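Notes for the one structure printed next.
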Amino acid sequence: MITANEYTFKILRYDMKQPEVRPHFSSYRIKVISGLTVLMTLLRIRDEIDGTLSFRSSCRSAVCGSCAMVINGKIDLSCRSQVASFGDSTIILEPLPNLDIIKDLVVDMTPFWNMYEKVNPYIIRKSSEPEKEIHQSEDERKRIDQNVNCILCASCYGACPVLSRDPDYMGPAALAKIERFILDSRDERPLQSLEGINNEKGVWGCDTMLRCIDACPKDVRPIDSIVGLRKTLLKYKAKKIFGMTIK
């Protein structure tokens, strides 16, 4: 026989179209069977209790990254977080930090995507178009494996302490993405293209607090990329000083 335990879900409510109504929590009591995720419970609340509740979701498989939120104080994907795993009968849900709230758990991702677009997140070639697909060796592939796993959920963006005080900082995801292409054996972008991140709004603005690593649901380590980019930029600077050939 399947048993269900009763939980209280406290969800932050806000509607940017009604700015006169301050953000507040709404509470919902609901029975949850073992194994049910936070996202599945949200869908039940919206379908059976409160049709005005807003949140994002799509794949339900921790692939699309659209359901990232703060769950009991920790950023995670609601589709992979089982309610019973929190060991508490009260579940508090809040939207991702560092992004404006559109409605309830839905945030405006525009600043995140703007920063992502700035790093030209695609392979850049200087050579003529190849006649065949450019193959990579296993070792070449391993160099970019970690950053390829990023699902652009903005969990690291929400967790970043630098962005909480400086919205012009590029953020962990964008910086990790540019290193992914710098390390890609098929990419031929010149090192001079890194000048745009060689400042306090880019790689030198990071506090190295590691919160982006804690928040990432795919075990990507943006800090490693930021440190790697810093080393690359220092080598680039040294080559300029000594008049050495620069890629």
Side-chain angles (χ1 to χ4, degrees), residues 1-109 112 151-165 171-173 209-220:
M1 178 178 177
I2 298 176
T3 58
N5 295 316
E6 193 165 73
Y7 290 84
T8 298
F9 276 72
K10 293 184 176 180
I11 304 174
L12 189 85
R13 308 299 304 275
Y14 178 72
D15 187 345
M16 66 178 299
K17 293 181 178 178
Q18 297 179 310
E20 69 279 7
V21 180
R22 295 178 60 81
H24 60 280
F25 284 93
S26 292
S27 295
Y28 306 92
R29 296 282 291 175
I30 187 167
K31 288 188 175 180
V32 179
I33 62 173
S34 178
L36 208 63
T37 64
V38 171
L39 175 59
M40 292 304 294
T41 310
L42 278 172
L43 291 166
R44 276 192 59 202
I45 292 172
R46 187 189 62 188
D47 294 344
E48 301 174 11
I49 303 175
D50 186 348
T52 69
L53 183 63
S54 296
F55 53 92
R56 285 195 180 104
S57 69
S58 182
C59 73
R60 309 185 188 185
S61 303
V63 175
C64 74
S66 61
C67 64
M69 61 184 67
V70 181
I71 308 171
N72 279 9
K74 185 178 183 301
I75 294 175
D76 209 336
L77 302 179
S78 64
C79 69
R80 72 165 199 164
S81 302
Q82 294 190 13
V83 175
S85 68
F86 293 93
D88 195 323
S89 61
T90 299
I91 305 295
I92 301 173
L93 304 180
E94 300 165 280
L96 282 179
N98 297 334
L99 295 162
D100 290 337
I101 302 172
I102 295 176
K103 189 171 186 299
D104 303 335
L105 300 175
V106 178
V107 293
D108 182 1
M109 295 280 283
F112 174 80
I151 57 174
L152 301 173
C153 62
S155 291
C156 60
Y157 194 94
C160 179
V162 181
L163 279 161
S164 66
R165 65 173 187 269
M209 299 288 286
L210 310 183
R211 291 180 187 169
C212 53
I213 295 176
D214 292 338
C216 181
K218 292 295 183 180
D219 297 326
V220 177

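Not measured: the values here are computed from a predicted model.
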- Shortest non-hydrogen pair, Tyr14 vs Pro23, comes out as CD1-CG, 3.7 Å
- When you check the gap from the basic side-chain N to the acidic O, do Arg13 and Asp50 get nearer than 4.0 Å? yes
- Side chain to side chain, Asp104 and Arg46, heavy atoms closer than 4.5 Å: no
- Message: Any non-hydrogen side-chain atom of Phe55 less than 4.5 Å from a side-chain atom of Leu39?
- Response: yes
- Message: Could you measure the distance from the CG atom of Leu53 to the CZ atom of Phe9? Nearest 0.5 Å is fine.
- Response: 11.0 Å
- Look only at the side chain of Arg44 and the backbone of Ile30, and say whether a donor-acceptor pair between them is shorter than 3.5 Å. no
- Message: Looking at Lys103, I'd like to know if its NZ atom is crowded, meaning that more than 12 non-hydrogen atoms belonging to other residues, nucleotides or ligands lie closer than 6.0 Å.
- Response: yes
Only pairs under 3.5 Å count here: list side-chain donor-acceptor contacts from residues 59-71, not counting sequence neighbours, and write none if there are none.
residue, atom, partner, partner atom, Å
Ser61, OG, Cys59, O, 3.2
Ser66, OG, Ser58, N, 3.4

- Item | Enclosure of Lys74 NZ (heavy-atom neighbours >12, cutoff 6.0 Å) | yes
- In sequence, state the C-alpha distance, the side-chain angles, and the governing distance for Leu12 and Ile101, and then conclude on side chain to side chain contact (heavy atoms under 4.5 Å, CB included). CA-CA 10 Å; Leu12 189 85; Ile101 302 172; 3.9 Å; yes
- Looking at CG of Leu105 and OG of Ser57, how far apart are the two atoms once the value is rounded to the nearest 0.5 Å? 11.0 Å
- Message: Quick check on Arg22: does its CZ atom have over 12 non-hydrogen neighbours (other residues, nucleotides or ligands) under 6.0 Å away?
- Response: no
- Task: Measure the spacing between OH of Tyr28 and CD1 of Ile49 and express it to the nearest 0.5 Å.
- Result: 8.0 Å
- Item | Considering all heavy atoms, the nearest Gly171-Leu163 contact | CA-CD1, 3.9 Å
- Note on the structure: Applied to residues 156-165, the side chain to side chain donor-acceptor pair (under 3.5 Å) test, sequence neighbours excluded, yields Arg165-Asp207
- Any side-chain heavy-atom pair of Leu77 and Ile151 under 4.5 Å: yes
- Message: Restricting to non-hydrogen atoms, name the atom on Ala159 and the atom on Ala215 that form the minimum distance, rounded to 0.1 Å.
- Response: CB-CB, 3.7 Å
- Message: I need the minimum non-hydrogen distance between Pro217 and Asp76, along with the two atoms involved.
- Response: CB-OD1, 4.2 Å
Exercise answer: donor-acceptor pairs, residues 85-96 side-chain atoms, under 3.5 Å, sequence neighbours excluded:
residue, atom, partner, partner atom, Å
Ser85, OG, Gln82, O, 2.5
Asp88, OD1, Thr90, N, 2.9

- With the side chain counted from C-beta on, respond yes when Thr3 and Ser34 share a heavy-atom pair under 4.5 Å apart, and no when they do not. no
- Message: Nearest 0.5 Å, please: how far is CD1 in Ile11 from NE2 in His24?
- Response: 11.0 Å
- Message: Please report the interatomic distance CG(Leu152) to NZ(Lys218), rounded to the nearest 0.5 Å.
- Response: 12.0 Å
- Item | More than 12 heavy atoms of other groups within 6.0 Å of Asp219 CG | no
- Note on the structure: Looking only at heavy atoms, the pair that brings Cys160 and Asn98 closest together is O-ND2, 3.1 Å
- Query: At what distance, to the nearest 0.5 angstrom, does OG of Ser81 lie from CG of Leu36?
  - Reply: 12.0 Å
- Measure across Arg56 and Ile102 and return the closest heavy-atom pair with its distance rounded to 0.1 Å. NH2-CD1, 4.2 Å
